[in-house]
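Keep in mind the model is a prediction, meaning the values are calculated, not measured.
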Amino acid sequence: MEKRSILHMLDPMPHNSPFDINMAMDAGFDVLMPYSNVKLDSVNGLTQDAIFSRGPAGVKRTGIFIGGRDLALAMDMLNACQQAMVPPFEVSVFADPSGAFTTAAALVACVEKELQAQHGKALADCKALVFGGTGPVGIATGVIASLAGAQTALVDHLSVETAEEVAKAYNRRFACHLTGAVGRNDAEKAELLRDADIIFCTAKAGIQVLNAATLKAALQLKVAGDVNAVPPAGIEGIKRNDFGKPLLHAAEGIGAVGVGALAVGNVKYQLQNEMLKLMLTTEQPQYLDFRAAFNKARELV
């Protein structure tokens, strides 16, 4: 009899995400085992308990999912899982803290697609700004865009020091080239926008980051992507279902287009589903992070 599939869901937060639980069940896992308040030093023991109890056939039906909100901690936990494996007792591990890796991967892939389709440009040709850049989705977006070659700045809404500290920390970790910036008011945002080719808006839901007047300052803008599905939009003039439609309120004659939150969300949903399914179908164990997510997102768009 075929063994039932089990996903062990490790989360350093007090509660596991209902979103992730729903996604894992819909992807085909039979049993979900959520663990909350998981410390980094507990990961080795939990991983080895999971791999040694099922035999070589059972480990192919076993996976580990890492949640939480801290991207660096999630990567450390992913690495700790990998270190704990003892082949042939080895299972796939997927890190997606706060859904940030799959959301960011979907956002960058959607923007990249329209950048090429509408302007014949690659990410490596462009300067990108990430508003909300010091949150989980913003950091992941910035890292992915930077590693793809874009000159990328993380924009904080309060402090340039905070943005620079975050940029330096993730540059050290992933050998990317992020910078930090601040946009506390419309004047500072307009100054940042003057030579931006790409805008990623990853700020909190329900907060308008860029209004119509400020957006007019973006004279080189090519594509803007917004993940905020709660009115008002993070970028005024982008509708939630937009995918490559002319961006309302952009400066005339530049051909800027927008990508809305539901367009990104549709790709994110497919992406997370595909990566969870991969854990059940792969012959070789997979260690899945934002890089694997971006590669798959590029295929989906």
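Hydrophobic clustering, with ILVMFWY side chains joined whenever heavy atoms are under 4.5 angstrom apart, keeps M13 apart from V93. The same ILVMFWY cluster, assembled from side-chain heavy atoms under 4.5 Å apart, contains both L210 and I254.
Under the 6.0 Å distance and 45° angle rule, K277 does not count as a cation-pi partner of F29.
The number of heavy-atom neighbours closer than 6.0 Å to CD of Q151, taken from other residues, nucleotides and ligands shown, is 12 or below. Atom NE2 of H157 has 12 or fewer neighbouring heavy atoms from other residues, nucleotides or ligands inside a 6.0 Å radius.
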| message | Walk me through whether K222 and D197 qualify under salt bridge (charged side-chain N to carboxylate O under 4.0 Å, His left out). | response | CA-CA 5 Å; K222 295 168 180 63; D197 300 291; 2.6 Å; yes
| Can you list the steps and then say if K168 with E165 is a salt bridge (charged side-chain N to carboxylate O under 4.0 Å, His left out)? | CA-CA 5 Å; K168 289 176 182 177; E165 287 175 7; over 6 Å; no
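Side-chain contact, E161 with S159: a donor N or O sits under 3.5 Å from an acceptor N or O. A side-chain N or O of T102 and one of D96 form a donor-acceptor pair less than 3.5 Å apart. Side chains of D26 and N273: no donor on one and acceptor on the other come within 3.5 Å. Side-chain contact of S36 with N16: a donor-acceptor pair under 3.5 Å is absent, judged by distance alone.
No donor-acceptor pair under 3.5 Å is formed between the side chain of D226 and the backbone N or O of G260.
No side-chain heavy atom of Y287 sits under 4.5 Å from any side-chain heavy atom of S92. Contact annotation: the side chain of T162 never approaches that of L158 to less than 4.5 Å [non-hydrogen atoms, C-beta and beyond]. M85 places a side-chain heavy atom less than 4.5 Å from the side chain of T47.
Every pair passing ring-ring contact (aromatic ring centres under 6.0 Å, His included) that includes a residue from residues 90-138 is listed here, sequence neighbours excluded: F65-F94, F101-F290.
With sequence neighbours excluded, no residue satisfies salt bridge (Lys or Arg N to Asp or Glu O under 4.0 Å) with E114. Evaluation of the side-chain hydrogen bond (donor to acceptor under 3.5 Å, both in side chains) rule for N22 yields no partner, not counting sequence neighbours.
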